[in-house]
Amino acid sequence: MGKQRTAVLGTGQTHHRAKRTDVSMPGLLREAVDRAMADAQVDWPDIDAVVLGKAPDLFEGVMMPELFLADALGANGKPLLRVHTAGSVGGSTALVAASLVQAGVHRRVLTVAFEKQSESNAMWALSILPPFQMPVGAGAGGYFAPHVRSYIRRSGAPEHVGAIVAAKDRRNGALNPFAHLRQPDITVESVRASQMLWDPIRYDETCPSSDGACAMVLGDETAGDAVPGGAAWIHATAMRTEPTTFAGRDQVNPQAGKDAAAALWREAGITDPLSQVDTAEIYVPFSWFEPMWLENLGFMPEGEGWKLTEAGETALGGRLPVNPSGGVLSSNPIGASGMLRFSEAAKQVMGRAGDYQVDGARTALGHAYGGGSQFFAMWVVGAAKP
Amino acid sequence: MNDVAVVGFAQAPAVRRTHATTNGVEMLVPIFAEVFEQTGLSKTDIGFWCSGSSDYLAGRAFSFIAAVDAIGAFPPIHESHVEMDAAWALYEAWLKIRMGEVDTALVYGFGKSSAGQLRRVLALQLDPYVLAPLWPDSIGIAGLQARLGIEAGLWSEKDLAEVAARNRRDARDNPFAQLSGDVDAAALLDTPYVADPLRAHDIAPVTDGAAVVVLASAERARDIVERPAVITGIEHRVDSPALGTRDLTRSPSTEAAGRAAGADASVEIAELHAPFTHQELIVRDALGLGDGVRVNPSGGTLTGNPMFSAGLIRIGEAARQILAGNARRTLAHATSGPALQQNLVAVLEKG
């Protein structure tokens, strides 16, 4: 007996804001969890186990916060797991939760990911200098800007492509009632007129820093069959890791991402991702990562990802709508950002994406990456059973 | 679903302080080599990698990222990490083999407790709004737990000293132990309190260390070792974090996990993760282990407590007894959180 069929039964998320000082950490989590459980039409006795993910504990100033959150998560007397795999953690957490069902251990699992940076000081948390390691000293934007410059040089992409992504994602975010940034009137021109932060990344091409949480209820085949309107069935999952730095590493188009995508498409039986995938929620914290990941994921040949973006094919109504929810550029509760990608993909194939629903979405990708582009987690979900 | 077996185990010496970095690489590289030697496997044979560690112990964000350097992860690997003791990383790896996604996995845990003041660092696991600001440290909380048991007539200070003395005696045969020796329980009772009613011998030492376990599907395991230690049950549960609302002299999560994992008095050897003497008695009771069960022949956590691998080491030690032909059925227990809040139980049998 192999992997058991597993489905997303329901999803929920918080309203993402720079500072959610109106709620405690348990309060923030319960906002997402309660919505997910209502969406999945389950109650606490239906939940067999809880899997929590978040980025570094130093972001909130609590060591292993799942321990003090056990009460609020209804986990007492149940199994509780805590995942931490850098920025990809929201995706990895969903995959660990899926494993519990796929391995036939549990019938229904609650999974939740969050970040509440307003509890502490993330810049401080990231500024500790461990001995024997090269300091970055420039924040995430400073770290990734050279990769973006390298991408532009290698691909010959015109310089306004980044602004196209930013304007599209922020306009999509305006359709999403939970998004942190909602900017219906943003344009390519206004993005290009915003402050340059890390050349070539401008202020409007940068993700916000958000407090927020995301939750999902996953279930087995029987539970999935019972979802009114249809569950989101997991067709394939993949995770890959490579070291942060080594001589000859391609940081623009990392091998770990290529390997994960190849394994993912193989398991999902997808031979032509651009034709067979209806929409993709891709982890794009800085605008240029949309064309970069379109290539890394195999939607477009190397050096040509920007052409899909420039042609408007990644906008709602295009050939492959990317980040119809507004993506990381509209909301970035770090630990939850990956799970938001996974859950937004599920919402699309369940037909529950509201104003940013992609017409007829049957197959969707959820993608997350982390660290210095060395951790990757992804899944393919579909309206039909695998 | 596939059965899963332990086929390899290695640990770094438990020591008070290493000069290594907090990312564990210097402790991990030699023990990776050791399990590869034991199993005849190489890096490229491993289907899934999973680790357990803590950023707070290392005093930095993303400490596990640098630990990946110990692997040499190129070509890229299938890898994950839990911010928990690596016993729970083993649980995640067990899932991957069980569902048939991979047929081998390598699990590791590491921690350099000497980088900070452990008892104060662990206070940051408490509720950050109402409890942590008071800074009750981990030894103080364990002291309250021990006191409650004494007042309930469940154990005496002498009982606790006997637990300590037995573990120290057993550790004499464990080359990796940090503390060992032939000590007299009565003499231990003459030593001063550290956190009344706990004395130094009641408290696990502060330890730097690391460990690695290799898992394989039962089918693959037979090609790797003569006597694989098949995991016949592995379960974990958590209790409420509210210390004032649960009976600290019991461990319902251990009880429930043990029952679900198939723990009973028929196990020959049990390796229990008890960082305090009275906690060994609580766990032993929760698992219904009778006098016939040999508890902690390695000397247990009281003679070496490498944070985030001490639980994994219990599984490794329980498996080693089967791999070495000393036992047919053993049990391992791992704990996490203040006052035994979270517990995992695994039962292993000769495959």
Side-chain angles (χ1 to χ4, degrees), chain A residues 1-4 24-25 55-71 75-86 92 95-96 99-100 102-105 119 125-126 128 130-133 238-244 246 249 254-256 259-260 371 374-376, chain B residues 1 21-23 49 54-66 68-69 71-84 88 91-92 94-96 98-101 121-122 124-129 131-132 235-242 252-253 256 336-338 341-342:
Chain A
M1 202 162 46
K3 271 187 209 178
Q4 300 295 295
S24 62
M25 276 181 265
D57 290 358
L58 276 70
F59 282 7
E60 285 79 18
V62 185
M63 181 179 185
M64 302 155 76
E66 67 282 2
L67 291 168
F68 102 90
L69 291 164
D71 268 344
N76 294 345
K78 295 178 182 175
L80 171 66
L81 280 166
R82 158 68 195 287
V83 182
H84 176 21
T85 62
S92 316
L95 297 186
V96 173
S99 296
L100 288 166
Q102 290 171 323
V105 176
E119 296 281 334
L126 292 174
I128 297 166
F132 312 115
Q133 282 187 33
M239 280 171 79
R240 289 293 184 277
T241 299
E242 67 184 41
T244 321
F246 59 90
R249 175 167 184 244
Q255 190 64 41
D259 287 4
Q374 79 266 38
F375 295 100
F376 293 86
Chain B
M1 291 293 158
T21 52
T22 57
N23 59 40
W49 304 72
S54 161
D55 279 352
Y56 258 96
L57 202 69
R60 57 163 300 197
F62 303 118
S63 63
F64 64 91
I65 291 184
V68 170
D69 285 346
I71 298 172
F74 201 84
I77 56 170
H78 185 186
E79 184 262 352
S80 188
H81 172 261
V82 296
E83 195 83 352
M84 309 175 82
W88 279 265
Y91 183 85
E92 185 179 336
W94 172 80
L95 293 170
K96 300 283 184 198
R98 193 175 146 82
M99 74 170 86
E101 189 161 297
V121 171
L122 291 174
L124 293 166
Q125 291 180 329
L126 300 163
D127 183 307
Y129 304 110
L131 198 49
E235 296 277 346
H236 60 100
R237 300 286 188 276
V238 69
D239 287 315
S240 169
S253 54
S336 172
Q341 189 193 343
Q342 187 171 26

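Please read all numbers here as calculations on a predicted model, not as lab measurements. The sequence lines fix the lettering, A, B, ..., with proteins before strands; numbering per chain opens at 1.
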Is it the backbone or the side chain of [X] that comes under 4.5 Å from a heavy atom of chain A, or both, or neither?
X	value
B:Trp94	side chain
B:Val68	side chain
B:Ile71	neither
B:Gln341	side chain
B:Leu126	backbone
B:Glu79	both

Looking only at heavy atoms, what is the nearest atom pair of [X] and [Y], with distance?
X	Y	result
B:His236	A:Leu81	CE1-CG, 3.9 Å
B:Gln125	A:Phe68	O-CB, 4.1 Å
B:Gly337	A:Leu67	CA-CD1, 3.7 Å
A:Leu58	B:Arg60	CD1-O, 4.0 Å
A:Ala70	B:Asp239	CB-O, 4.3 Å
B:Pro76	A:Glu242	CG-OE1, 3.7 Å

Between B:Ile77, B:Asp55, B:Leu57, B:Val121, the one whose heavy-atom pairs under 4.5 Å with chain A are most numerous: B:Ile77
Report yes if the side chains of [X] and [Y] come closer than 4.5 Å at any heavy-atom pair, otherwise no.
X	Y	value
A:Lys3	B:Glu101	yes
A:Pro243	B:Asp69	yes
B:Phe62	A:Thr244	no
B:Tyr129	A:Val62	no
B:Ser54	A:Met63	yes
A:Met239	B:Ser80	yes

For [X], is it the side chain, the backbone, both, or neither that has a heavy atom closer than 4.5 Å to a heavy atom of chain B?
X	answer
A:Glu66	side chain
A:Phe376	neither
A:Asp259	side chain

With chain B, which of [options] has the greatest number of heavy-atom pairs at distances under 4.5 Å?
options	value
A:Leu80, A:Val83, A:Leu69	A:Leu80
A:Ala75, A:Pro65, A:Pro79, A:Ala256	A:Pro79
A:Glu119, A:Lys78, A:Gln255	A:Lys78
A:Ala86, A:Ser92, A:Gly104	A:Ala86
A:Gly371, A:Gly61, A:Ala55, A:Ala260	A:Gly61

[atom2] on [Y] to [atom1] on [X], rounded to 0.5 Å:
X	Y	atom1	atom2	answer
A:Arg240	B:His78	CZ	NE2	6.0 Å
B:Glu83	A:Arg82	CD	CZ	5.0 Å
B:Ile65	A:Thr241	CD1	OG1	9.5 Å

Aromatic plane relationship, A:His84 with B:Phe64 - under 30° parallel, 30 to 60° tilted, over 60° perpendicular: perpendicular
B:Met99 backbone acceptor or donor facing A:Gln102 side chain under 3.5 Å: no
Polar side-chain atom of B:Arg98 near backbone of A:Ala103 as donor-acceptor pair, under 3.5 Å: yes
